[in-house]
Amino acid sequence: MKAKILVLKSPLTRKLSAFVALSDVDLETLARFHRRRRSFLPGHEMTYEGEVNASAFILAEGWALSYKILPDGDRQIVDFQIPGDFLGLRSILFRTADHNIEAATRIEASEVLTSDILDGFRNAPRLATAILWAASRDEAMVVEHLVNLGRRSAEERMTHMLLELGARLKLIGMGDMTGFDCPLTQYHLADALGLSAVHVNRILRRLREDGLLTFQKGRVVFDDFDRVRELAGFNMAYLDQEEPFLR
């Protein structure tokens, strides 16, 4: 019973429930996913590119980041992970991990093995559908990130990314239209947006001076949400989190 209560309150359950109304069988399967709980300190590399037979993780507390290292040592952050996200799901379905995952803060995560996923899919097909939705949603976010890097201005990139993070955090009860707590540094933002840290600092100052948003002391505040959304051209339909599709 205790395990079921914990699963009901977990960020992953809240996230998947946006797509599927989870049954008791689904919740029992999710509880089994949480059997191996682990803690990691900031900077710990949980998965590295080229790793064979890597584990996946379900993030329960804290933030992580997925990235690739270029031959010249530069880093491209592909995405930021928040509570409720799967870390390295491809790494257990592929034979070799294709990217690195690092703890951005101290985190709590549940280790998930290939056998856990395959058994869960076999025993709880609705849950499998929900996890497929989560993976498809991640792919939709990557598409937006590509558009960010390729076609949006620096200000549009920044505001779009912060609005996306805010929407994702709202889904799990950690943010709203006024803002959210954010542990990311300007170096993290720079590596995600293809900018220099100096440029990031300049953009955030300009957005603050224009009365759009403020990012200070670990919190993002949307001073004028509608104007920020208009600047970013942000349409959150790609996040598909308005109401469950399967009941």
K.L.:
With rounding to the nearest 0.5 angstrom, report the CE to CZ distance, Met46 to Phe40.
P.N.:
4.5 Å

K.L.:
State whether Arg168 and Asp79 are salt-bridged, where the test is any N-O pair (Lys NZ or Arg NE/NH1/NH2 against Asp/Glu carboxylate O) under 4.0 Å.
P.N.:
yes

K.L.:
Between CG of Leu65 and CG of Leu184, what distance do you get to the nearest 0.5 Å?
P.N.:
8.0 Å

K.L.:
Who passes side-chain contact (heavy atoms from CB on, under 4.5 Å) against Asn123, sequence neighbours left out?
P.N.:
Arg32, Asp119

K.L.:
Can any side-chain N or O of Arg205 pair as donor or acceptor with the backbone N or O of Val200 at less than 3.5 Å?
P.N.:
no

K.L.:
Identify the heavy atoms of Leu113 and Asp116 that sit nearest to each other, and give their distance.
P.N.:
N-OD2, 2.8 Å

K.L.:
Other residues, nucleotides and ligands only: do more than 12 of their heavy atoms fall within 6.0 Å of CD on Glu139?
P.N.:
no

K.L.:
Shortest non-hydrogen contact from Ala97 to Thr47?
P.N.:
CB-CG2, 3.7 Å

K.L.:
Give every residue pair that meets the ring-ring contact (aromatic ring centres under 6.0 Å, His included) criterion with at least one member in residues 119-147, sequence neighbours excluded.
P.N.:
Phe19-Trp133

K.L.:
Around atom OH of Tyr238, are there more than 12 heavy atoms of other residues, nucleotides or ligands at under 6.0 Å?
P.N.:
yes

K.L.:
Which residues pass the ring-ring contact (aromatic ring centres under 6.0 Å, His included) test with His199, not counting sequence neighbours?
P.N.:
none

K.L.:
Is the backbone N or O of Ser23 less than 3.5 Å from a side-chain atom of Asp26, with the two atoms forming a donor-acceptor pair by type?
P.N.:
yes

K.L.:
Do Leu22 and Leu127 have side chains that get closer than 4.5 Å, going by heavy atoms?
P.N.:
yes

K.L.:
For the atom pair NE2 (His160) and CG (Leu231), what is the distance rounded to the nearest 0.5 Å?
P.N.:
11.0 Å

K.L.:
Who are the ring-ring contact (aromatic ring centres under 6.0 Å, His included) partners of Phe225, not counting sequence neighbours?
P.N.:
Phe222

K.L.:
Is Asn235 reaching over with its side chain to a backbone N or O of Ala237, donor-acceptor style, under 3.5 angstrom?
P.N.:
yes

K.L.:
Quick check for you: to the nearest 0.5 Å, what is the distance between Thr29 atom OG1 and His34 atom NE2?
P.N.:
11.0 Å

K.L.:
Counting only heavy atoms from other residues, nucleotides and ligands, does the tally under 6.0 Å from CZ of Arg151 exceed 12?
P.N.:
no

K.L.:
Quick check: does any side chain N or O of Glu156 sit under 3.5 Å from a backbone N or O of Ser153, one acting as donor and the other as acceptor?
P.N.:
yes

K.L.:
Got a sec, which residues hit salt bridge (Lys or Arg N to Asp or Glu O under 4.0 Å) with Arg137, two or more places apart in sequence or on another chain?
P.N.:
none

K.L.:
Among residues at least two apart in sequence or on other chains, which ones pass side-chain contact (heavy atoms from CB on, under 4.5 Å) with Ser136?
P.N.:
Leu132

K.L.:
Just checking Glu45: does its CD atom have more than 12 heavy atoms from other residues, nucleotides or ligands closer to it than 6.0 angstrom?
P.N.:
yes

K.L.:
What is the minimum heavy-atom distance between Ile172 and Pro11, and which atoms define it?
P.N.:
CG2-O, 3.6 Å

K.L.:
Can you see which heavy atom on Leu12 is nearest to which on Phe86, and at what distance?
P.N.:
CD1-CE1, 4.0 Å

K.L.:
Rounded to the nearest 0.5 Å, how far apart are CD of Glu108 and CZ of Arg38?
P.N.:
11.0 Å

K.L.:
Just how far is it from atom CD1 of Ile131 to atom OG1 of Thr129, taken to the nearest 0.5 Å?
P.N.:
9.5 Å

K.L.:
With the side chain counted from C-beta on, respond yes when Val147 and Arg152 share a heavy-atom pair under 4.5 Å apart, and no when they do not.
P.N.:
yes

K.L.:
Checking Ser66 now: which residues fulfil side chain to side chain donor-acceptor pair (under 3.5 Å) with it, not counting sequence neighbours?
P.N.:
Gln81

K.L.:
Could you pull out all residues at least two apart from Arg75 that satisfy salt bridge (Lys or Arg N to Asp or Glu O under 4.0 Å)?
P.N.:
Asp191

K.L.:
What residues form a ring-ring contact (aromatic ring centres under 6.0 Å, His included) with Phe180, not counting sequence neighbours?
P.N.:
none

K.L.:
Any side-chain heavy-atom pair from Leu204 and Thr214 closer than 4.5 angstrom?
P.N.:
no

K.L.:
Got a list of side-chain donor-acceptor pairs under 3.5 Å for residues 49-62, not counting sequence neighbours?
P.N.:
from  : atom 1 : to     : atom 2 : distance (Å)
Glu49 : OE2    : Lys68  : NZ     : 3.0
Glu51 : OE1    : Tyr48  : N      : 3.2
Ser55 : OG     : Glu111 : OE2    : 2.5

K.L.:
When you check the gap from the basic side-chain N to the acidic O, do Asp176 and Lys170 get nearer than 4.0 Å?
P.N.:
no

K.L.:
Can you sort out the partners of Arg208 under salt bridge (Lys or Arg N to Asp or Glu O under 4.0 Å), two or more places apart, ordered by chain and number?
P.N.:
none

K.L.:
Return the set of residues passing salt bridge (Lys or Arg N to Asp or Glu O under 4.0 Å) with Arg157 (not counting sequence neighbours), or none when no residue passes.
P.N.:
none

K.L.:
Considering non-hydrogen atoms only, spot the tightest contact between Ala190 and Ser196 and give its length.
P.N.:
CB-C, 3.7 Å

K.L.:
Kindly give the heavy-atom pair with the smallest separation between Leu169 and Asp181, and that separation in Å.
P.N.:
CD1-O, 4.3 Å

